[in-house]
Amino acid sequence: MAKIFCVANQKGGVGKTTTTVNLAAGLAQVGQRVLMVDLDPQGNATMGSGVDKRSMALSVYDVLLESASVAEAAVQSEKCGYTVLGANRELAGAEVELVDVERREKRLKTALAAVEADYDFVLIDCPPSLSMLTLNGLCAAHGVIVPMQCEYFALEGLTDLVNTIKQVHANLNPDLQIIGLLRVMFDPRITLQQQVSDQLKAHFGDKVFDTVIPRNVRLAEAPSYGLPGVVFDPSARGSQAFVAFATEMVTRLGQR
Ligand code: ADP
Ligand code: MG
């Protein structure tokens, strides 16, 4: 049965999409069957997996509105080695269209149940907000992976996210837990980043992943080629860190 994880953080630009596509590619490289679900209407994870968001016949939007199944709407990214349930601007409308429907926050969960046996991992890239879309992700997931930059306000931002996760856990999804915090865009030369990293470990203990993702320009260049860094330039430091992170995930979950 698939492990379903949301990559979430209500801040924008913290590395959610980069983490989602590179972890998906890293997991695929170590032999895992992966479905990547893009829940952000910007469709960056879709494009960054080599799927053109403008020419998709069906997307996660159709799945949320129950006019298509995951199996019908998802496409295989041959280059990346994982399956993509893509998103585009149409998804922004789902927010409004779901307002009046029943069990609106459970739509994704219900849809994913039909494919749980087909994958080892489902990774959900969330938008930077606590919207109905993110709520669908959190309701569908067993856990949350939180990418974060080790900057001054990082810990403050985490408090909000942790409270949100607690609320969803209490009211909607008793399975939900924080799997871990992933330090991304890390630059060890910056003293402040080291300090925040130490604070994180003091606060969250082994909820902080051992793997650290360095700031690496190859990871930032890869999306313009429609590829995760892990596929675009496997030898880059950032790519190697994401493959190490994939291995850490598999080891932690005992799925080896
Ligand atoms: P989010 O999905 O949280 O908005 P993104 O993954 O899109 O964040 O990342 C924001 C920007 O930072 C993007 O331009 C991305 O290419 C860049 N970026 C992300 N991670 C790294 C990294 N480790 N090193 C360098 N640039 C990165
Ligand atoms: Mg994003």
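Every number for a ligand or one of its atoms is a count from 1 in the order of the listing.
At least one N or O atom of Val14 sits closer than 3.5 Å to an N or O atom of ligand 1. Among the atoms of Asn216, some N or O lies under 3.5 angstrom from an N or O of ligand 1. For ligand 1, the polar-atom distance check finds no N/O of Val217 at less than 3.5 Å from any of the ligand's N/O atoms. Geometrically, ligand 1 and Thr19 share no nitrogen or oxygen pair separated by less than 3.5 Å. Checked by distance only, ligand 1 and Asp125 stay at 3.5 Å or farther apart across all their nitrogen or oxygen atoms. Residue Gly13 has at least one N or O atom closer than 3.5 Å to an N or O atom of ligand 1. Considering backbone and side-chain N/O of Pro223, none are found under 3.5 Å from N/O of ligand 1.
Protein nitrogen, oxygen and sulfur atoms, that is N, O or S, within less than 2.8 Å of the Mg ion (ligand 2) amount to 1.
The shell of residues lying under 4.0 angstrom from ligand 1, judged by heavy atoms, excludes Pro128.
The shortest side-chain heavy-atom distance between Met148 and Phe186 does not fall under the 4.5 Å cut-off. At a threshold of 4.5 Å between non-hydrogen side-chain atoms, the residues Val75 and Met56 do not count as touching. Using a 4.5 Å heavy-atom threshold, the side chains of Phe232 and Leu219 count as separate. Looking only at side-chain heavy atoms (C-beta outward), Phe209 and Ile145 come within less than 4.5 Å of each other.
Annotation: atom 8 (O) of ligand 1 to nearest protein heavy atom, Gly15 N, 3.0 Å. Among all protein heavy atoms, the one lying closest to atom 19 (C) of ligand 1 is Thr18 OG1, 3.2 Å.
Judged by distance alone, with hydrogens and angles left aside, the side-chain atoms of Thr134 form a donor-acceptor pair with the main-chain N or O of Ser129 at under 3.5 Å. The main-chain N or O of Ala74 is never found under 3.5 Å from a side-chain atom of Thr83 such that the two would form a donor-acceptor pair. When atom types are taken as modelled, the side chain of Asp125 and the backbone of Asp38 share no donor-acceptor pair closer than 3.5 angstrom.
Among pairs with a residue in residues 60-119, none fulfils ring pair (Phe, Tyr, Trp, His ring centres under 6.0 Å), at least two apart in sequence or across chains.
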Residue pair Lys11, Glu156: steps toward the salt bridge (charged side-chain N to carboxylate O under 4.0 Å, His left out) verdict
CA-CA 11 Å; Lys11 277 178 75 175; Glu156 232 168 82; over 6 Å; no

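Under the 4.0 Å distance rule, the nearest protein heavy atom to atom 6 (O) of ligand 1 falls inside the cut-off. Shown here, atom 13 (C) of ligand 1 is out of close reach of the protein: none of its heavy atoms lies under 4.0 Å off.
For the side chain to side chain contact (heavy atoms under 4.5 Å, CB included) test with Val70, the passing option among Val122, Val115, Asp62 is Val115; the others fail.
When non-hydrogen atoms are compared, ligand 1 lies under 4.0 Å from neither the backbone nor the side chain of Pro147.
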